[in-house]
A.B. asks: 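Pasting a structure below so you can have a look.
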2 protein chains.
Amino acid sequence: MTILDWTARFKGTAELPMEVRERLNKSAHVTQIKTGDQVFGPMNIPDSLFFLYEGRIRVSQTSDVGREIVLYRIEAGDSCVLTTACMLAEEAYNAEGIAETDVTVVVLPKPAFDRLSSEEDAFRNFVFAAYSRRLIDLLRVVDDVAFGRIDVRLAERLLTLGDGLKEVRATHQDLASELGTAREVISRVLNDFQKRDLIEQSRGLITFKDKAGLRAIANFA
Amino acid sequence: MTILDWTARFKGTAELPMEVRERLNKSAHVTQIKTGDQVFGPMNIPDSLFFLYEGRIRVSQTSDVGREIVLYRIEAGDSCVLTTACMLAEEAYNAEGIAETDVTVVVLPKPAFDRLSSEEDAFRNFVFAAYSRRLIDLLRVVDDVAFGRIDVRLAERLLTLGDGLKEVRATHQDLASELGTAREVISRVLNDFQKRDLIEQSRGLITFKDKAGLRAIANFA
DNA sequence: GCCGGTTAGGTGACAATGTCACTGACAATC
DNA sequence: GATTGTCAGTGACATTGTCACCTAACCGGC
């Protein structure tokens with residue numbers, strides 16, 4: 001049973017008639033997930049559509065030797081289509097979603113999803129748009145990985161992760177997993193950034209000293 | 001005006017009631033595209049959904065320095081959701097689709113698409129499934145590019161391109177564009193393959209001598 | 001045939017990135 | 001302060017990407 005009216009949070013549901021929203025509030029249920037917990041993964045493929053009510057989920061892929069790369073992040077108000085994608089395609093995959101913050105998820109069972117996407121244009125468009133965003137995200141990842149330099153990519157990612165902040169709390173290994181590279185590579189580049197007075201480092205913490213300088217590197221490519 | 005009944009070709013339409021299919025045959029129109037022509041691209045974003053009736057389309061992405069990588073291929077019976085994805089997301093992208101063979105495309109205008117995806121479950125599921133396949137394809141590309149060795153990737157790709165054949169007609173540059181790498185790299189690896197008696201080379205042509213050996217390399221990772 | 005232009009492919013030097021093995025630094029805990 | 005685990009630094013080396021330049025094969029015309 002649901003207390004909060006989550007339907008207001010999502011573009012695809014906020015515009016629906018009140019009676020539909022009430023029906024939805026009944027058929028979906030709300031779950032809490034704690035920071036660091038897995039939302040979905042290769043062993044844990046849900047048969048429902050996820051809506052992220054609050055928090056942030058990091059979706060990443062892991063190679064068979066254990067290296068990791070972050071594919072994209074799901075923010076509040078967005079839906080997670082990857083799991084449904086894999087469901088539909090009935091294919092193995094090795095992406096997983098990790099809650100980066102405490103997360104509130106709305107789980108919509110497949111029957112309700114089907115009915116809704118057939119009856120409500122707004123909802124269907126919302127879902128299509130979600131798919132589209134993910135496709136575009138992945139195009140960007142492919143472009144970065146295939147053609148980008150890592151100093152550029154690292155500068156970009158640092159600025160994104162530390163947007164509006166003075167520092168980024170992350171180990172070199174964390175950053176390596178963001179970009180799908182090795183820790184040593186991150187160490188090298190960060191040391192270079194430090195020599196150029198763009199950042200300061202301490203254990204698990206990177207402090208900005210010259211964001212403009214980093215932006216110059218990030219925008220270079 | 002359409003002569004052929006293309007609706008039989010697609011999972012999402014073949015099962016529809018006859019009267020719906022007849023309506024579809026009227027609202028969509030069929031286009032021919034010649035080998036090598038661009039089906040869509042950054043400068044040419046159509047506002048319709050594509051169905052590939054016959055032929056094959058290669059979807060690739062180009063870096064800003066001109067290097068290219070093949071993302072996936074669209075085969076007959078499949079639909080092309082990337083263009084609609086980009087339409088919906090209203091974002092720039094730099095993927096393009098090239099006809100690899102002479103191609104017959106069914107173009108379904110957006111209004112018809114909307115009506116159909118709301119009224120017909122089979123059609124909607126077909127479209128969702130198409131999105132899913134593309135997402136999965138891209139996950140695979142990311143995995144390959146981020147974590148794969150190129151000798152492995154090249155062996156794989158050669159076997160795919162030459163499936164059931166004795167040879168592959170492609171220049172080193174073509175293969176480089178398949179994998180998103182540089183021609184010199186392909187040359188090196190192919191020379192290595194040749195030294196190991198896995199292939200023979202001549203201008204624009206690679207002949208298999210030991211497919212099992214290639215498979216061993218391809219499956220290694 | 002020959003000639004000249006175009007394209008495909010080869011090569012070596014070097015730069016960038018990834019891998020490996022090992023080391024030391026730091027923090028938490030007992 | 002000794003122990004333990006995590007984090008980061010380092011040098012050697014392998015792989016991959018870049019650059020400049022070269023040669024070989026093909027193609028069209030004559």
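The figures that follow rest on heavy atoms only: side chains count, while hydrogens, waters and symmetry mates do not. First the proteins, then the strands, lettered A, B, ... as listed; each starts at 1.
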A.B. asks: Could you tell me which residues satisfy side chain to side chain donor-acceptor pair (under 3.5 Å) with Glu54(A), sequence neighbours excluded, listed by chain and number?
C.D. replies: none
A.B. asks: Which residues pass the salt bridge (charged side-chain N to carboxylate O under 4.0 Å, His left out) test with Asp137(A), sequence neighbours left out?
C.D. replies: Arg134(A)
A.B. asks: If the condition is ring-ring contact (aromatic ring centres under 6.0 Å, His included), which residues does Phe50(A) pass it with, not counting sequence neighbours?
C.D. replies: none
A.B. asks: Applying salt bridge (charged side-chain N to carboxylate O under 4.0 Å, His left out), name anything that partners Arg153(B), two or more places apart in sequence or on another chain.
C.D. replies: none
A.B. asks: With a strict under 4.0 Å distance from non-hydrogen atoms of chain B, what nucleotide opens and what nucleotide closes the contacted stretch of DNA chain D, reading 5' to 3'?
C.D. replies: dT15(D) to dC26(D)
A.B. asks: Go along nucleotides 17-30 of chain C 5' to 3' and tag each nucleotide: B for a protein heavy atom under 4.0 Å from its base, S when only backbone or sugar atoms are that close, - otherwise.
C.D. replies: BBBBB---BBS---
A.B. asks: For His172(B) and dG10(C), is the shortest distance between a side-chain N/O and OP1 or OP2 below 4.0 Å?
C.D. replies: yes
A.B. asks: What residue pairs, at least two apart or across chains, pass salt bridge (charged side-chain N to carboxylate O under 4.0 Å, His left out) with a residue in residues 154-165 of chain A?
C.D. replies: Arg140(A)-Glu156(A), Arg157(A)-Glu178(A)
A.B. asks: Among residues at least two apart in sequence or on other chains, which ones pass side chain to side chain donor-acceptor pair (under 3.5 Å) with Asp37(B)?
C.D. replies: none
A.B. asks: Kindly calculate the angle separating the two end axes of the helix from dG1(C)-dC30(D) to dC30(C)-dG1(D), each obtained from five base pairs, and round it to 10 degrees.
C.D. replies: 20°
A.B. asks: My understanding is that only residues two or more places apart in sequence, or in another chain, count here; which of them pass salt bridge (charged side-chain N to carboxylate O under 4.0 Å, His left out) with Arg196(A)?
C.D. replies: Asp192(A)
A.B. asks: Go through the structure and list residues passing salt bridge (charged side-chain N to carboxylate O under 4.0 Å, His left out) with Arg183(A), not counting sequence neighbours.
C.D. replies: none
A.B. asks: How close or far is atom C1' of dG10(C) from atom NZ of Lys195(B), stated in whole angstroms?
C.D. replies: 11 Å
A.B. asks: Does anything in residues 97-106 of chain B form a salt bridge (charged side-chain N to carboxylate O under 4.0 Å, His left out)? List the pairs, not counting sequence neighbours.
C.D. replies: Arg56(B)-Glu100(B), Arg58(B)-Glu100(B), Arg73(B)-Glu100(B)
A.B. asks: Flag the pair Val81(A) / Leu135(B) as yes when at least one side-chain heavy-atom distance between them is below 4.5 Å, and no otherwise.
C.D. replies: yes
